[in-house]
2 protein chains.
Amino acid sequence: MQPKKIDLLLHCRWLIPIIPENQVMEDCSIAINAGRIVDLLPKSQARQQFSATEEVVLDRHMVMPGLVNAHCHSAIRLLRGRSDDLPFQAWLEKHTCSTESLLTDPDFIRDSSALAIAEMIKTGTTCFAEMYCFSELIVDVIRNAGIRSQLSFAVHDGPTPYAKDASEHIHRGLTLYDNMGNHPLIKVACAPQAPNNISDTVMKQLATFANELDLPVHIHCHENASEIAESLTKWGCRPLQRLNDTGLLLPQTQLVHMTQISPEDKALLEQTNSSVIHCPEANLKLANGFCPVTQLTQAGINVGLGTEGAASNNDLDLFGELKTASLVAKAVGGDTQALSAHSALRLATINGARALGWDREIGSLEVGKYADIIALEIDSIAQQPLYNPASQLVYGQSGSQVTHSWVAGQSLLMDKKLLALNERNLIQSAKDWGSKIAG
Amino acid sequence: MQPKKIDLLLHCRWLIPIIPENQVMEDCSIAINAGRIVDLLPKSQARQQFSATEEVVLDRHMVMPGLVNAHCHSAIRLLRGRSDDLPFQAWLEKHTCSTESLLTDPDFIRDSSALAIAEMIKTGTTCFAEMYCFSELIVDVIRNAGIRSQLSFAVHDGPTPYAKDASEHIHRGLTLYDNMGNHPLIKVACAPQAPNNISDTVMKQLATFANELDLPVHIHCHENASEIAESLTKWGCRPLQRLNDTGLLLPQTQLVHMTQISPEDKALLEQTNSSVIHCPEANLKLANGFCPVTQLTQAGINVGLGTEGAASNNDLDLFGELKTASLVAKAVGGDTQALSAHSALRLATINGARALGWDREIGSLEVGKYADIIALEIDSIAQQPLYNPASQLVYGQSGSQVTHSWVAGQSLLMDKKLLALNERNLIQSAKDWGSKIAG
């Protein structure tokens, strides 16, 4: 029989497919055609069955699904490091006053996003959920970079630089939604900033659109104790309850943070199938508390993982986030087996994909799914000997070991070199913005 | 005037001297001669004042004192990753039964230590405190690697493969101590494993030697709640109290872990000037609790930082430990300003040096101190723009950015390449041991 012609063959020393769960495969190949995985087979049989336009030998590498960063603000990446270790008031002044004009500057937003995307690709992220207004501005950046993303449109009750009232916010957002159509790499979600910043009326309006269009809802929720207290004072109930009462707690709702969870909150999450997006490093850095990840996942609640933005995290390395999530889950739960290495990897892959409604397309290495794939070199001093590749990926420092990345079969990173983005230009642009902003 | 002849000139884009505190210097040079720092001066004046045998231009780098890993077990590095996510009993069986013969095998101990030292050098550690028996076996490894270290000799009441009783343990240890004499790079400490494993009589004996010889005491202490409970049952007091009652709580005592601290414990630490060695990632991974670092440092208690060993940490990257320490301190203390970036850097440099009794020689970049120095590239996508180099070092992923390392002016790492150690051989040796151990 003639070998079948395909686009790409990856020959992998190690492979974690994520589904089936808890598996580490050795010496197998991934056959990719027209952007999708068409076969996973023993390396020894790959060349008999397939003739590929391109082959990549990853013989010192771990191969796994690309990571899903389920919450970030890439559009303000250029502000990272301006507000560390400051008391709240100083932080607020530094962020909102001195940089206000930047936050609506199209060049700033585009250059910020490009830099963030480059950093994410280099550390293994192939899909990210962006929360910002002016998402129209970064569509071209994302298309050019070739990364997968869920963009969002901000919704506020009152006027913002983006729109004069809730209706105009929603109108602009739905225009973006329509324009993106069925783009294979870009989704659009609605993103009210947080429950306390939005009226019941607007919540109900959004719920209608969310139901009608199967529109994802991306929202900061229960980030800290004061948010709960404020909601109890103003509305007589917790923010999650308000979201539910207004119809906005849906299977496609993505609740970012959730460090405060009462038994009633947990019951609501179980009933509604909403997802939680855990941002452990931001929660620690802002002293906001601990999201009880293990309790949630044990109850069958879907938990994805995010880095948050420049104001509360100094990197976009989701492998670092994985490690922090797993270590902190053990300490907080008093259980050394809490959030095992394989469970942590699921948070950053299939669970993130599920939160974004993309779990049939990405999040695991299965035949039929998009070839969103990364490779990490695991042959260095810090990785050897390698008894347990999953735990070495999670408990070591892995982001810097990422060498290759593909999205829908398209190569974004090859031997640590960005292909679609120009690293030197991005660094220079970051320096130029840095001088301007600091000066 | 003729320029003064010296060995080495480092031209640094950025520099954090640690002392004076909270400073970031720009465009300065470090003049080094006979292993010590002889001047810190503006880059523009360096070549007028000094003529160096070697010059290194670090124009995209942060330069700072080498890190002090104040607690590790490098001799069991080859076992890393064999016991992750296991319940305690399974962990114990895996560690003590299947590998018992290895733990006394000279080749295993030497190869393990060499691998650990290579990993530490590559991630910025220039000085480490080793806790293991058979320290004689790794003296040559350390000498060859050129790293600075505090070795230790184990002390047990009863027989171990190392010695038949406490007297023989102490005798062998003091022989090592005598043999090392005033070695500029190696110190020797006594290391009873933990208070509950040692009798009052032997504690008192050790206290005599410690006082007489100014011998450092390195001991796991208050690692978890059950250790306290056991001590209360057996001796009617907490372990720290026993150490104090037997005279072993001295300024040169290094208490590793201290996750459980009562007001009385804190008062004892203040009175005795003993140091605490914080191992945040190990404490999290083994769900042992949180060391209240900020409370301790605010009370003037010296806190150093350690990675712990292969059983409870999957890397020896002290920069990762820094980040975890700082993030967790904020969350546990409910204070975003707890353990600021500069404070965290002190933990891993001057405080570690002070714990080991070496703070007059290393831990900061000051004239007269040994040239124990590292450089990190901070010019990449993940670091730019760079508003606050200290916070980017602490809250980013920095271990992988280390490019250069010197100990007493001797170069150990140049452009990420190990000089005295052969990286390829170390990886091969690790793989060979891995196959043998796993098989």
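Note that these values count all heavy atoms, side chains included, but never hydrogens, waters or copies made by symmetry. Sequence lines set the chain letters: A, B, ... in the order given, protein chains first and strands last, and positions in each chain run from 1. Please read all numbers here as calculations on a predicted model, not as lab measurements.
- With a threshold of 4.5 angstrom between heavy atoms, Asn288(A) does not approach chain B through any atom at all.
- For Ser340(A), the parts lying under 4.5 angstrom from a heavy atom of chain B are both the backbone and the side chain.
- Just one of Gln383(B), Lys323(B), Gln392(B) meets the side chain to side chain contact (heavy atoms under 4.5 Å, CB included) condition when paired with Asn314(A); it is Gln392(B).
- Heavy atoms of Phe319(A) lying under 4.5 Å from chain B are absent altogether.
- Here the CG-OH distance, from Asn313(B) to Tyr395(A), works out to 11.0 Å after rounding to the nearest 0.5 Å.
- With chain A as the partner, the residue from Thr324(B), Asp379(B), Val328(B), Leu316(B) showing the most heavy-atom pairs under 4.5 Å is Asp379(B).
- Here the closest non-hydrogen pair linking Tyr387(A) and Gly81(B) is CB-O, 3.8 Å.
- For the options Glu281(B), Gln401(B), His342(B), Lys122(B), heavy-atom pairs under 4.5 Å to chain A are most numerous at Glu281(B).
- Contact tally against chain B (heavy-atom pairs below 4.5 Å) for Gly396(A), Ala382(A), Gly399(A): the top residue is Ala382(A).
- Summarising the geometry, atom CD1 belonging to Ile381(B) is positioned 5.0 Å from atom CD1 belonging to Ile427(A); distances are rounded to the nearest 0.5 Å.
- The residue among Leu426(A), Asn283(A), Thr123(A), Leu115(A) with the most heavy atom pairs within less than 4.5 Å of chain B is Leu115(A).
- Within 6.0 Å of NZ on Lys431(B) lie more than 12 heavy atoms contributed by other residues, nucleotides or ligands.
- Proximity to chain B (any heavy atom under 4.5 Å) is shown, for Asn388(A), by both the backbone and the side chain.
- Counted within 6.0 Å of NZ on Lys416(B), heavy atoms from surrounding residues, nucleotides or ligands total more than 12; the atom is thus considered enclosed.
- Heavy-atom pairs under 4.5 Å with chain A were tallied for Ser391(B), Ala438(B), Ser400(B); the largest tally goes to Ser391(B).
- The line from CG of Leu327(B) to NZ of Lys285(A) is 7.5 Å long, rounded to the nearest 0.5 Å.
- The choice from Pro280(A), Ala390(A), Gly434(A) that makes the most heavy-atom pairs within less than 4.5 Å of chain B is Gly434(A).
- Using a 4.5 Å cut-off between heavy atoms, Ser326(B) makes no contact with chain A at all.
- Pro385(A) approaches Ala430(B) most closely through the heavy-atom pair CB-O, 3.3 Å.
- Using a 4.5 Å cut-off between heavy atoms, Ser380(A) touches chain B through its backbone atoms (N, CA, C, O) alone.
- When atom types are taken as modelled, the side chain of Arg80(A) and the backbone of Gln384(B) share no donor-acceptor pair closer than 3.5 angstrom.
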side-chain contact (heavy atoms from CB on, under 4.5 Å) between Leu284(B) and Lys330(A), worked out
CA-CA 6 Å; Leu284(B) 296 173; Lys330(A) 294 175 205 308; 5.9 Å; no
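- Although no hydrogens or angles enter the test, the distance criterion places a donor-acceptor pair under 3.5 Å between the side chain of Asp85(B) and the main chain of Ala341(A).
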